[in-house]
K.L.:
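Please see the structure below; I have some questions.
In what follows, chains are A, B, ... by sequence order, proteins preceding strands, each numbered from 1.
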Amino acid sequence: MPKSSDISFFAQVYQVTRLIPKGRVTSYGAIGKYLGAAKSARMVGWAMNNAGSQLPSVPAHRVVNRLGILSGKGAFPTPDTMQTLLESEGISIKNDKIVNFKKHFWDPSEELTL
DNA sequence: CGATTGACGTACG
DNA sequence: TCGTACGCCAATC
């Protein structure tokens with residue numbers, strides 16, 4: 001892979017997040033791992049926190065934790081926004097948790113085929 | 001300017 | 001197999 005040092009780690013997270021297909025979801029670890037920072041999952045979360053300040057808007061609602069739980073729902077205008085958006089894309093949510101998460105899971109390293 | 005927290009995940013006991 | 005500890009980097013207090 002080319003040198004990704006051209007852009008900040010945050011920007012990489014934003015770009016990958018924007019590449020998430022509709023009706024698909026991914027985890028912080030998957031993104032961090034794809035960027036070569038599997039242990040920096042926390043940073044990915046911070047990036048998502050700033051995602052609301054990024055343009056164009058980043059589909060942060062498609063990013064959940066390893067368990068498929070809507071951990072960042074609190075960062076949205078309303079805690080229901082994240083779930084509503086995911087349901088709008090055809091993803092079922094139960095108790096703030098994605099149903100068939102594995103089925104909707106989107107791995108950048110798999111789909112982007114590096 | 002220093003310490004703590006934070007949308008997580010992996011390692012170790 | 002389950003529980004606890006650590007790492008990561010930046011922002012906030």
K.L.:
Grab the CG-C1' distance between Asn50(A) and dG6(B) for me, whole Å please.
P.N.:
12 Å

K.L.:
What is the distance, rounded to the nearest whole Å, between atom NZ of Lys97(A) and atom P of dC8(B)?
P.N.:
16 Å

K.L.:
Taking atom C1' in both dC1(B) and dA10(C), compute the distance separating them and give it to the nearest angstrom.
P.N.:
16 Å

K.L.:
Using 4.0 Å as the upper bound for N to carboxylate O, is an ion pair formed by Glu89(A) and Arg62(A)?
P.N.:
yes

K.L.:
For a quick check of understanding: with a heavy-atom distance under 4.0 Å over all strands, which category does Ala60(A) fall into, base, sugar-phosphate or nothing?
P.N.:
base

K.L.:
Considering only the C1' atoms, how many Å lie between dT5(B) and dC6(C), rounded to the nearest integer?
P.N.:
15 Å

K.L.:
Can you measure from CD1 (Ile93(A)) to CZ (Phe101(A)) and round to the nearest 0.5 angstrom?
P.N.:
10.0 Å

K.L.:
Assuming nearest nucleotide by heavy-atom distance, tell me which of Gly52(A) and Lys33(A) is located more 5' along DNA chain B.
P.N.:
Gly52(A)

K.L.:
What residues join Ile69(A) in its hydrophobic cluster, counting side-chain heavy atom gaps under 4.5 Å, either direct or through other members?
P.N.:
Leu67(A)

K.L.:
Should we count CZ of Arg18(A) as having more than 12 external heavy atoms under 6.0 Å?
P.N.:
yes

K.L.:
Which is true for Asn49(A) with a 4.0 Å heavy-atom rule: it touches a base, it touches only sugar-phosphate, or it touches nothing?
P.N.:
base

K.L.:
I need the CZ-C1' distance between Arg62(A) and dA7(B), as an integer number of Å.
P.N.:
17 Å

K.L.:
What integer distance in Å separates Lys39(A):NZ from dA11(B):C1'?
P.N.:
7 Å

K.L.:
Return yes if the base of dG7(C) and the side-chain atoms of Arg42(A) contain a donor-acceptor N/O pair under 3.5 Å, otherwise no.
P.N.:
yes

K.L.:
Where each residue is assigned the nucleotide of DNA chain C containing its nearest heavy atom, which of Ala38(A) and Phe10(A) is assigned the position nearer the 5′ end?
P.N.:
Ala38(A)

